[in-house]
Number of protein chains: 2
Amino acid sequence: MMLDERKIKILAAVIHDYIATAEPIGSRTIARKYRIGISPATIRNEMADLEELGYLSQPHTSAGRVPSHKGYRFYVDFLMPVKKLSDTEQALIRRIFNKRVNELEQLVREAARVISTLTSYTTLTIGPQLKTSRLKHINVNRIDETKGLLLMVTNYGTVSHNIIEIPQNLNDSDLVRISNVLNANLQGKTLVEITSDIIDSIKNEMIEYDEILNILLEILLENLDDVDESGNVVSTGSSKMLDYPEFQDVEKAKNFFSLLEQNDLMTKVLKTSMKPDSINITIGSENPFIEFQDFSIVTSNIRVDDKDLGVFGILGPTRMEYSRVVSILEQVTNYLTKTLSTML
Amino acid sequence: MMLDERKIKILAAVIHDYIATAEPIGSRTIARKYRIGISPATIRNEMADLEELGYLSQPHTSAGRVPSHKGYRFYVDFLMPVKKLSDTEQALIRRIFNKRVNELEQLVREAARVISTLTSYTTLTIGPQLKTSRLKHINVNRIDETKGLLLMVTNYGTVSHNIIEIPQNLNDSDLVRISNVLNANLQGKTLVEITSDIIDSIKNEMIEYDEILNILLEILLENLDDVDESGNVVSTGSSKMLDYPEFQDVEKAKNFFSLLEQNDLMTKVLKTSMKPDSINITIGSENPFIEFQDFSIVTSNIRVDDKDLGVFGILGPTRMEYSRVVSILEQVTNYLTKTLSTML
DNA sequence: ATTTAGCACTCTAAGTTCGAGAGTGCTAAA
DNA sequence: TTTAGCACTCTCGAACTTAGAGTGCTAAAT
């Protein structure tokens with residue numbers, strides 16, 4: 001059954017009010033606040049219908065109505081108004097992209113902070129999946145008599161560095177040679193493509209440098225492992241959640257914070273709700289992970305030239321200011337992809 | 001007035017029990033649990049004395065006693081038993097120092113995590129004060145036709161890297177020359193010593209590279225600013241606090257988390273409670289910052305060869321397991337300084 | 001055929017009362 | 001000096017009460 005216009009108005013009113021107040025809404029309130037021009041009694045009848053259809057529910061018999069997940073879904077799909085951001089908000093976003101920043105990670109981190117400031121929800125991010133990133137540059141710098149720095153830069157602008165011990169018998173031109181060979185063999189490869197075949201061939205090419213090569217390649221492999229750990233999710237603004245009435249119960253709050261600490265779970269969640277669409281909304285029980293029953297997650301892909309460079313995820317109560325969150329996310333990801341496409 | 005032995009026993013009992021239970025302790029409980037061989041009535045008299053002397057206090061007339069800050073102080077200074085760590089705990093600590101890690105930051109981060117796991121309190125860390133760190137190595141690597149990487153390594157092993165645009169007209173040997181000059185002029189200097197005089201002299205030395213030098217020096221100055229922001233405090237294990245009865249009140253929990261978010265305040269607090277002693281305990285109102293009335297902080301300096309490389313701070317309720325915390329901190333900082341002294 | 005006023009009914013949330021329990025301080029006996 | 005005894009105090013939770021918000025149904029009004 002399709003909803004008629006009056007039902008839609010009422011549904012919208014309930015959701016709008018509930019998002020703002022977190023209190024169940026009664027028929028009288030709607031009649032008073034949202035001038036639809038019908039009496040509370042009629043609204044009551046309509047609300048009973050909406051409940052039967054699954055869009056609303058009642059916490060208990062004599063309370064007002066609360067939106068169900070289906071209700072939010074309808075709202076998000078058909079009713080949600082486009083929220084224009086205020087000038088100051090826009091300015092705040094633009095500001096971080098005006099700074100000349102050349103590193104993906106830093107840029108993403110700043111963006112996440114702005115998102116969480118503007119939305120007042122927790123912002124999660126996972127960076128580019130290193131598995132798919134390609135080695136752009138690798139070399140060894142000497143920093144003093146005994147120490148050097150192994151540098152790796154990926155095509156996404158991610159830099160990793162490791163201080164290493166340099167064997168006494170190597171001079172600077174040895175290091176240059178090693179760097180050259182490493183580059184020649186590894187440049188353009190994704191990390192998973194670096195197989196033992198390639199490694200062996202490098203070793204063969206430079207048997208005389210066996211000692212340092214072992215060290216370097218071990219570090220390379222270590223970094224590969226770190227990648228698989230998928231522990232690269234970062235969250236910002238988590239303490240804001242304690243302001244919301246749904247977390248006034250300490251049990252709930254504890255639950256939330258320990259969820260956040262489970263990096264692997266959070267990564268999975270972000271990845272699964274990351275669909276081809278630019279913005280994706282997962283409401284309450286729509287989430288395959290039961291732990292997120294009472295949360296909604298809005299994700300947005302950072303995608304440049306068909307490459308996925310990361311994801312933003314806004315985690316909040318199902319009673320989330322969806323329209324606001326979506327606008328902010330759209331805005332930020334837009335700027336970000338624009339900036340990144342010139343940068344990479 | 002000095003406390004006689006019996007009073008001390010009773011005080012110790014109250015503190016011991018209160019640390020374990022967070023409930024006020026009555027005379028009967030002490031007589032029952034801690035066989036001191038005197039009746040509840042006598043204990044009551046003694047407790048009344050201890051209260052008058054300021055070591056205990058009563059939440060309300062007909063409740064048991066609770067240690068005051070002065071009580072904790074006495075306990076910490078004179079009574080605290082040395083807590084031996086269990087073998088598994090020791091092993092856990094040793095494990096992180098067995099991994100070959102060459103970077104200060106990473107090592108400190110791991111150490112902080114172990115501390116917070118073992119203590120179940122929040123662990124704060126500030127790394128080496130970059131102001132005092134000396135530039136050990138600086139250079140520019142090319143990573144592709146248009147981009148390069150500015151690398152800076154300090155004597156503490158801190159590495160900072162920035163991707164930069166390289167002007168078209170520069171070839172690799174130009175970069176080498178620039179790196180050499182930068183090194184020659186800046187090596188061994190602390191960041192604050194890099195004055196505009198030095199910068200000017202570098203520019204004069206290589207007027208032909210004005211363009212890139214401006215970029216590089218701008219980044220250098222930016223990094224300097226970041227240092228001053230003192231926003232380099234990191235916390236681990238904050239959600240554990242929600243398990244303690246003193247944070248069952250959401251208001252308190254919120255308060256705690258927003259404290260944690262005030263980076264500048266936290267840095268100040270850590271720095272002020274960081275005394276020459278290796279381990280320092282600040283109990284409740286002893287803390288000059290009123291926000292920390294209800295907390296205790298145990299700090300431990302990471303000091304190698306008279307250089308301060310950072311601080312650990314354990315933040316917990318005044319009812320803290322001081323002896324455990326101190327042992328763990330001692331143990332970890334010991335290992336850490338040992339490792340670092342071979343590393344730096 | 002809808003809409004609405006009216007009303008009985010339900011349920012929660014916030015007070016209020018009350019008694020049990022834990023603990024105290026004082027007194028007087030050991 | 002220590003301790004038993006006892007009256008007193010205060011908190012905490014349980015049980016009860018009530019105001020208020022909201023509902024659903026019925027019957028009248030449109």
Side-chain angles (χ1 to χ4, degrees), chain A residues 1 3-11 13-15 17-18 20-68 71 245-246 248-250, chain B residues 1 3-11 13-15 17-18 20-68 71 245-246 248-250:
Chain A
M1 170 201 180
L3 300 180
D4 60 43
E5 198 169 334
R6 200 168 64 183
K7 282 198 176 57
I8 290 180
K9 266 190 188 155
I10 292 174
L11 179 58
V14 172
I15 292 180
D17 220 69
Y18 189 71
T21 65
E23 305 268 299
I25 325 296
S27 51
R28 246 182 71 93
T29 314
I30 292 185
R32 222 183 316 111
K33 277 210 215 168
Y34 304 82
R35 342 215 85 273
I36 308 186
I38 46 179
S39 75
T42 314
I43 295 177
R44 272 205 289 285
N45 288 330
E46 295 286 39
M47 293 213 300
D49 289 353
L50 282 168
E51 179 166 359
E52 201 168 347
L53 292 166
Y55 294 99
L56 296 179
S57 73
Q58 259 180 315
H60 56 85
T61 337
S62 73
R65 255 58 172 221
V66 156
S68 67
E246 26 273 278
Q248 287 318 83
D249 179 7
V250 182
Chain B
M1 170 203 179
L3 301 180
D4 60 42
E5 198 169 334
R6 200 168 64 183
K7 282 198 175 58
I8 290 180
K9 266 190 186 156
I10 292 174
L11 179 59
V14 172
I15 292 180
D17 220 69
Y18 188 70
T21 65
E23 305 267 299
I25 326 296
S27 52
R28 247 183 69 92
T29 314
I30 292 184
R32 224 185 315 111
K33 276 210 214 169
Y34 304 82
R35 343 216 85 275
I36 308 185
I38 48 177
S39 75
T42 314
I43 295 177
R44 273 206 288 286
N45 288 330
E46 295 286 40
M47 293 212 299
D49 288 353
L50 282 168
E51 180 166 0
E52 200 169 344
L53 292 167
Y55 294 98
L56 296 179
S57 75
Q58 259 180 316
H60 56 85
T61 336
S62 75
R65 255 55 173 224
V66 155
S68 68
E246 26 272 279
Q248 288 316 85
D249 179 6
V250 182

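Chain letters run A, B, ... following the sequence lines, proteins first, then strands; residues in each count from 1.
For the pair I10(A) and I30(A), the minimum side-chain heavy-atom distance is below 4.5 Å.
Between Q58(B) and T61(B), the shortest heavy-atom contact is NE2-O, 2.9 Å. Heavy-atom minimum distance, L50(A) versus L11(A): CD1-N, 4.1 Å. Here the closest heavy-atom approach between residue E246(B) and residue A22(B) is recorded as OE2-CB, 4.3 Å.
Base pairing of dA28(C): its partner is dT3(D), meeting the Watson-Crick or G-U wobble criterion (both donor-acceptor distances under 3.5 Å). Of all nucleotides present, only dC9(C) satisfies the Watson-Crick or G-U wobble test against dG22(D), with each distance under 3.5 Å. dC18(C) and dG13(D) make up a base pair, with Watson-Crick or G-U wobble contacts both under 3.5 Å.
In terms of phosphate contacts, T42(B) brings a side-chain nitrogen or oxygen within less than 4.0 Å of OP1 or OP2 of dT3(D).
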Could you check Y55(B) against V14(B) for side chain to side chain contact (heavy atoms under 4.5 Å, CB included), going step by step and ending with a plain yes or no? CA-CA 10 Å; Y55(B) 294 98; V14(B) 172; over 6 Å; no
Could you walk me through whether R6(A) and T42(A) pass side chain to side chain contact (heavy atoms under 4.5 Å, CB included), step by step? CA-CA 10 Å; R6(A) 200 168 64 183; T42(A) 314; 3.7 Å; yes
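Here the range on DNA chain C touched by chain A, meaning any atom under 4.0 Å from one of its heavy atoms, is dT3(C) to dT12(C).
Taking atom CD1 of residue I43(B) and atom C1' of nucleotide dT1(D), one finds them 15 Å apart after rounding to whole Å. At whole-Å resolution of the value, CE in M47(A) and P in dA21(D) are 15 Å apart. When rounded to the nearest whole Å, the span between CD of E23(A) and C1' of dA21(D) equals 11 Å.
With DNA chain D read from its 5' end, the first of the two nearest nucleotides for H60(B) and S39(B) is the one closest to S39(B).
The nucleotide whose nearest atom lies closest to any side-chain atom of S62(A) is, among dA21(D), dT2(D), dC10(D), dA21(D).
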